[in-house]
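Reckoned from all heavy atoms, side chains included, excluding hydrogens, waters and symmetry mates. Residue indices begin at 1 and follow the sequence shown. What you are looking at is a predicted structure, and each value in this text was computed from that prediction instead of being measured.
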Amino acid sequence: KFCPRSWMPASCWICDRCATVEYRWTVSPRDSGDEGISGARVFVRPSFTNFEAIELMRQRGGVCVFFSAHLLVPPGKHYHIFESAVGKTRTLRAQEGPGVTLEEVELEQEVQEALTNLCYHARYDGLINTLTVTASGTFQIPETVYTPPPRPEPDPWTEDIARQRRLRQCFESDLQQIHLSDLCHQEEEGEVLETLWDRYGIFYDSYAIFAGRSLWPLVRQVDMYSLFEDVGLLDRGPGFPGRVAVDNSEDVVDGEESPLGSARRPRRRKLLLQDVQQMLLQTIAPHRREEGRSPAFQRRSAKLAQMTREGAALTRSQFMEVMLRAAIALRGAEASTAKALRRFADQTLSGQLMRPPLSPYPRGLHLGSGDVHEVLLARR
């Protein structure tokens, strides 16, 4: 049964000069009562609430477990009793301290009857704790009024249910075509899939931009070089003998600070033309080993088919796989594939690519006409 975890007076608590009182039930390590059992609940039943149950929150301090709640208590003399519940068993208990018997309690008739019925049904004839609260005169209303910061309005585009459902369908369709076993270890697949779905909107937006510039719904290979160049990851000039090129900054992990206390930038890595070409070939046309010796015309046919695949445009799933390979190639000292993928989506794609002005989507849309044309232009 749901029980409130606090209580507010019916009138203004400032005018009534209510005081904040903590009700606490402490369970010692040696106590084997119901309160120390995991899953137990403890309530307080004060007289100013007509002995209605208010749940105490479970806390841990040192070696002891205790239940507590802070209530606004009006001034005057009050009575209270604690109640513990484990499953369907409920027991009334009094705390060590000032208390009176049930016959000595002095309350209004309605509140007195509520206490009598409570003790009767619980078969309790012990003490009732007492509490005297004096009027609080230390509270002052501050001169300045706190204004909470405005909450951002929900985005009707990113939080649209129909869009999320279709985006999920695209995600599951792409997973069937991505060679995930070639990109990460088996024990990392769960975390990588979760990260890929969490950032799938960024990857899909990037695909939509460049597919719109290219051969929608395909992306030409030459446009993939433009993508890496737009985000500042492609180095077309000579003078870079290694796989990656770095600037004069130091190679550190994100969040690490220099000995002088100032934050240091991570290395800015760039891919060579050969790197991008290798990623495209590994994604589009992975080499297949033929078993045994085949006739010459079959070898020529296989070679021709291989060359055809190598020059083909990229589908959406292949575009996603190239992005995954790029994130892995640029992760540097990052050991986690999921963290490298998250960093590539947030810092590279979202931070560098998603900047206005963007090209029209898709390419040549302004030359068409019709309802779809007007809707896409209106939402551009």
* **side chain to side chain contact (heavy atoms under 4.5 Å, CB included) partners for N50, two or more places apart** => E110, V111, A114
Check: [Y] main-chain N/O paired with [X] side-chain donor or acceptor under 3.5 Å:
{"X": "Q221", "Y": "A312", "result": "yes"}
{"X": "Q95", "Y": "I81", "result": "no"}
{"X": "H78", "Y": "P74", "result": "yes"}
{"X": "Y207", "Y": "I202", "result": "no"}

* **Distance, nearest 0.5 Å, that separates CD of E229 from CG of L273** => 9.0 Å
* For atom CG of D198, is the number of surrounding heavy atoms from other residues, nucleotides or ligands below 6.0 Å larger than 12? -> yes
* **Flag if over 12 foreign heavy atoms under 6.0 Å of CD, E96** => no
* Test: E52 and R45 ion pair at under 4.0 Å -> no
* Asked: Charged N to carboxylate O below 4.0 Å: is that the case for R199 and D205?
  -> no
* **Heavy-atom pair of closest approach, residues E188 and S336** => OE2-CA, 4.1 Å
* How close do S317 and I178 get, heavy atom to heavy atom, and via which atoms? -> O-CG1, 3.8 Å
* To do: Could you tell me how the ring of F82 sits relative to the ring of W25: parallel (under 30°), tilted (30 to 60°) or perpendicular (over 60°)?
  => tilted
What I want to check is whether the side chains of [X] and [Y] have a donor and an acceptor closer together than 3.5 Å.
{"X": "D223", "Y": "S214", "value": "yes"}
{"X": "R325", "Y": "T283", "value": "yes"}
{"X": "T337", "Y": "R331", "value": "yes"}

* To do: Check ring pair (Phe, Tyr, Trp, His ring centres under 6.0 Å) between Y200 and all other residues, then give those that pass, not counting sequence neighbours.
  => F171
* Take E83 and R93, measure what salt bridge (Lys or Arg N to Asp or Glu O under 4.0 Å) needs, and give me the verdict at the end. => CA-CA 6 Å; E83 181 181 18; R93 298 179 179 228; over 6 Å; no
